[in-house]
Amino acid sequence: MSAALLPGWPAAALVPLPVAIPLAVCAGLLATAHFLPKRLPDILAAVTALVVSGLCAWLAVRAGDGTVDYWFGGWEPRQGVALGIGFSVDAASGWIAAFIGLLYALAFVFAWGFFAHTHGHFQILMLLFLAAMVGFCFTRDLFNLFVWFEVMSVAAFALTAYHLEESALTGALNFTVVNSLAGFLMLGGIGLLYARAETLDFAGIAASVAHSGRDPVVAGGFCLVAAALMIKAAAVPFQFWLADAHTVAPSPVSVIFSGAMVSLGVFGLAKLSAFVFAGSGQIRDTLPPLMIGLGAVGAVLGGWMALLQRHLKRLLAFSTISHAGIMLTGIGALSAGGTGGLLVYVVGHGMVKGGLFMIAGILLATRASVDEISLRGLGRGIGPAGAAMAVAGLLLAGLPVGLLDQGSRLLHGALEGAHPYALAANLVGAALTGAAVLRAAGRIFLGLGEDPGDEAGAPSEEEREKADRPLWLMLAPCCVLLAVDVAVPADWVRTLAPHAVAAFTRQTLTGSLHEGPAWAAWGSVAGALVLAAYALFRQRLPGAVERPLSVGQSLPARALEGLHSGLIGDYVAWLAVGLALIAGLLALA
Amino acid sequence: MSVLIPLLFLITAVSGTAIVLIRDPSRQIFAIAANGIVLTILFTALQAPDVALSELAVGGAAVPLLFLVALMAVRAGTADQESGGDGR
Amino acid sequence: MSPRLRLTLLGAALAGLLPGAVAVIGRLPEFGATIAAYGERINAIVPAERHVANMVSAINFDLRGLDTLGEEFMLLAAITGTVVLLRGRRGEETTDRAMRLPGRAILPRSEAVVLTCRLVGPLLMLFGLYIVVHATVTPGGGFQGGVILASGTLLAYLGEGYAGWRDVVRSHWLDAMEGGGAFLFVLCGLAPMLTGAAFMQNVLPLGTFRDLYSGGLMLIENAGVALAVCGGFTQLFLEFLEETRESAGPEESGEDSA
Amino acid sequence: MTWLPYAVAAWLFAAGLYGLASSRNLIHLVGCLSVCQSATYVLLLGLGYRWGSIAPIFYDHPPGTPAVDPVMQALVLTDIVVGATLTALLLVLTVQIFKRSGTLDPEHLRPIRRRGAK
C-alpha cells in the first residue's frame, strides 16, 4: 500500500532508518528528559515504534522476491569481498521487524503512564531494545549481529529488574549471567569462523563454509554460535533463565520478552543455519537430530511445566519455552516448509503471547495479583479480559484460524512424513499450554475449579503493579494483537510465504509450501479442552479414576519443579551440558 | 619476543585462575586489578596498543573501582545490620 | 542439585567438550603465522582512502562504524539501567553526608591527598583530552579518552570530598552530556544521508595523513563518543559512590519504584 | 607453542565456568564471569597476531609495513565495553540483592519461592 504512495523512492536509501530513528529518539530523550513534560516520552516512544513498524513493512514490500541491500559508510564490496557492514532486508525479515515495531507500539500504549516518573528511562531502554531487534533482523554481518545481540541483552537485563523486589533482582541476575555467557560463546564462535573464513559477511562465510568440507573449526564455530542463540531462544537445556526472568519482569516488558526476544533467537538460528551454514554437510546432518530432539523435548517439557504453575506469568513463561521448542523443530525439518512455518509462527505466537501477558498485566493492575488460585472468581467484573484470555488460550492450543495456526500447519506439513514424533510433540505441547491458559481463564473469570491439583504446590509470589490506567486502555492493545493475528488474510500469507522463504534462505524454490493435515489442529484443541476440563472439574470425577491420575501426574511434576531450582550454579552446569550435547552431535554427524 | 609472548599467555592463565580461586571478595579485587594489568601488558606485546589502553582504563582502574564500591556498600549494609540499623 | 552433584555434572560436560576443543585448536591457523585477508585488505587500502594512520580507529569509526554505534548505545543502556536500578529506592535526592561505619575513626583528608589530587586530576584530564583528539593518528580514541576523563573527575572526588564533588557534578547535566554525545554520533550517521550519501559515509574533507585533522567525519564521531563515554562513566561512578552513603531519611519502600 | 593462546582461552573459559558453578558469593561470581570474558579477548587477539608485524598504526612506519590484524583489535575493543557494562550492571544487582535479602550467597536466593517457604 505504501509502495503505491511513494513509488519513486529508492527503497535502499531508507534501510538504516528503522535502526537509526529509535536510537536518535532515545539519545535525545536521555539528553532532555529532565526538562520534558511528563507524558511526552510515552507519546514519542509509541509514535517512534509505529514509524519503525511502517518503515519495516514498506521495506518488506519493496524487497519482494529478492533482498534490499545496503552498505554502511558507502563501503560497497570490492571484487566481491565485503569491506564494511551490510544490511540485507528480505521480505520475511522485514515483516518480522514490522511486527516487532507494532508489538512495541502496543506495549507502549499498554504501559501508558505506568513508568511516568522515571525521566523516560523506561522508554529509553525499550527504544534501544527495539533498535537492537531491528538491527538483529536486518544485518548480514556476523559481528554486527553480536553487537545487536548484546544491546538487546543489556537493555533486557536492566528492564527485568525494574521492580527491585528480591525476586526480580535474583531473576535478573540469573538472566544476566546466563545470557552474558551466551554473548561470550557467540564471540568465541565468531573468532573461530573469522579464522577460517577471513571475513565477517554472511555471504563470504557461507562461501567459505561450503568449501571447507568437514572442518572442526567451522563445526566449533557453529557449535558456539548456535549455543548462544539457543540460550536466547530458551531451548532445552538452556531454558532455565527464561522462567525466572519472564516471571519477574514488569508485564509490558514480559510482552516483549516472550513476544519477540525469544523468537528472535530462533529466527537468528534459522537464518544462520539456512544461509550461512547451509553448505556444510556435517552441520546439515546435525541439525535434524539436534533441533528436532531438543525442540520436541522443549515443547512437551515447557507445556507440562506450564500446566503445573499457579503464578500466571510463570505459567506463560513456560508456555513460551514450549512454543520456542515447536519453532525449533521447524529448523530441524531442513525444508522450505519448516522455515516458512517457523517464520509465520514467530509472528503469530508473538501476537497471542503478547496479548496474554497483557492480560496478566491487567489482572496485576486491577486485581493486584497474578496468582491463579487466589484470583479464583475474582475476574468476574472484567469479563472482556476473560473472553480475550479464552480466545488466546484456544489460539495457543491451535484453533485453526489466524497466523499462529497457519504457522503450525506449515510446520506440521514439514514434519509430517519424516518426523512423526516431532509432529506429535508439537501437538502435545500446543495442547498442554492451551490447557494451562484455558484452566487459568476458567478459574479466574468463571470461578471454576475450587479443588486445585498439583498447581497448588507451585511457587508463587505476591506482586502488584500500579492501578492507574483505565481498563479499556490496557485491554485495547491486547485485543488489537489478537485481532491482527486472526484477521491477517490467509491467502496473502499463503502466496507470500514461498517467495519470502526463498529470499530468506537465499535459495531458489518452486511451488507452494505443503500444509499439514486439518485433523491436527482440532486434535490439539480437543486435547487442550479435555485437559482444562479435567483440571477444573476433577473433584466431580469418581475417586477411583481421579486418584491414580493425580498421583501419576504428581511424581514427575515434583522432579521437574526441582530441576528449575533458580540457582545460578545449576544453570551454568546445564549450560555446559548443552554445549557438550551440541558438540557431541556434531562429532557423530 | 618469542619467549615473552608465551610467558605472558601463561601468566594470563594463572592470573585468571587466581580470580576464580580467591574466594574472599575483598582479596579477589586485587586479583582482578592484577589480571587487568597482566592483560594490558599482554595486549601491548601482541601489538594492540588501542586495546591495551582501554583495558588499562577499564580493567585496571574502572572495574576494580566498581568492585571496591560494591564491596563497601555491602560492608556498610552489614554494619547497619549488626548495629540494628535499617537492614532487614 | 547439591553442589557436589552440580560440579560433577559440570566436570563431565567439560570432559566431554575436551576432545572437541582439542580438535578445533589443532586445526586453527598456527599462532602468529598469518592474519586474515579482511584485516590485510584494510591495512592495505585504508591509509590512502581515509588519510588516517590508526587502522583500529578507522575500523571503529568508518568501516564498521555501525558496530561502534551499537556499542555506544549498549553503554548508554547499561548506564541508564544502572541509574534506574540504583535510584529506584533512594529516589533522586542526594545526601551530602559521608558514610560512617560504626567503629571507624573519621580521618580528615590529609593536605597531601588534596594537593596530589588537585595536581594529578587536571593532568589526567589533559592526558584524556590528548588521547581523544589524537584518535586517528596514535593509539586511543574517544572511548579510552572518555574513560580517562571520567577518572579525572573522580580524582576531584578524592581531593575535594563528596559534598564539593556533588556541587560540581550534577546528574542531569551528565545525562545531557551522555545523551548529547550519543545523539551527535547518530547525527553523524544521518547527516550524510541528506546529501544522498550512505549512512555514516565519510563526506567531509579527509585532511592530510598523520595530521591531527585527518579522517573527516571520524573526528566528529570520535568527539561524540568521548562526550558520551565521559558523561556515562562519570554518571556510573557517581551512582555507585552514592550507594556507599548513608541515606538521609527512612528509606521508601520498593513498591514505589514501579 | 602454536596452540598455547587458544589453549589458554579454553582454560580461562572453563575456569570461569567452574567459578560460576561453585561460587558462594555474588561479588566473587561477577569476578568469575569476567574471567570467562577474558577468554574471548585472548582468543581473538591470539587469532589476529602475526610474528614480526607492527601495530596497525602507520605513524612511525609507512603504510604497507606488515601489521597485525586491526579487525580483531576493533572487535576486542567492543568486547571490553561489553565487559564493563555487564560488570557494572551485575554489581548493581548484587548490591540491591544484598539490601533486600541480607545475603550474598547464591545458594540462599530464589527468583520465586514456594508458597509459605519463606
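Naming convention: chains lettered A, B, ... in sequence-line order (proteins, then strands); numbering from 1 in each chain. Quick caveat: nothing in here was measured; it's all calculated off a predicted structure.
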Least distance between heavy atoms, [X] atom then [Y] atom:
| X | Y | value |
| --- | --- | --- |
| Thr40(D) | Gly188(A) | CG2-N, 4.5 Å |
| Leu164(A) | Arg100(D) | O-NH1, 2.6 Å |
| Leu192(A) | Leu47(D) | N-CD1, 4.3 Å |

Between the OG1 atom in Thr170(A) and the CD atom in Gln96(D), the distance rounded to the nearest 0.5 Å is 11.5 Å
Between [X] and chain A, which part of the residue has a heavy atom less than 4.5 Å away: side chain, backbone, both or neither?
| X | value |
| --- | --- |
| Leu89(D) | side chain |
| Phe13(D) | side chain |
| Leu75(D) | both |
| Leu44(D) | side chain |

Which atoms of [X] come close to chain D, meaning under 4.5 Å heavy atom to heavy atom: side chain ones, backbone ones, both, or neither?
| X | result |
| --- | --- |
| Val151(A) | neither |
| Ile568(A) | side chain |
| Phe184(A) | both |

Any side-chain heavy atom of Val71(D) within less than 4.5 Å of one from Leu200(A)?
yes
Of Leu93(D), Leu86(D), Leu29(D), the one forming a side-chain contact (heavy atoms from CB on, under 4.5 Å) with Val177(A) is Leu29(D)
Only one of Val178(A), Leu575(A), Leu181(A) passes side-chain contact (heavy atoms from CB on, under 4.5 Å) with Leu20(D), and that residue is Leu181(A)
Interface check, chain A: of Val30(D), Thr78(D), Thr94(D), Val92(D), most non-hydrogen pairs under 4.5 Å belong to Thr78(D)
If you tally heavy-atom pairs under 4.5 Å between each of Ser22(D), Ala39(D), Ala21(D) and chain A, the highest tally belongs to Ala21(D)
Given Thr85(D) and Phe157(A), is the side-chain contact (heavy atoms from CB on, under 4.5 Å) satisfied, shown in steps? CA-CA 11 Å; Thr85(D) 59; Phe157(A) 301 153; over 6 Å; no
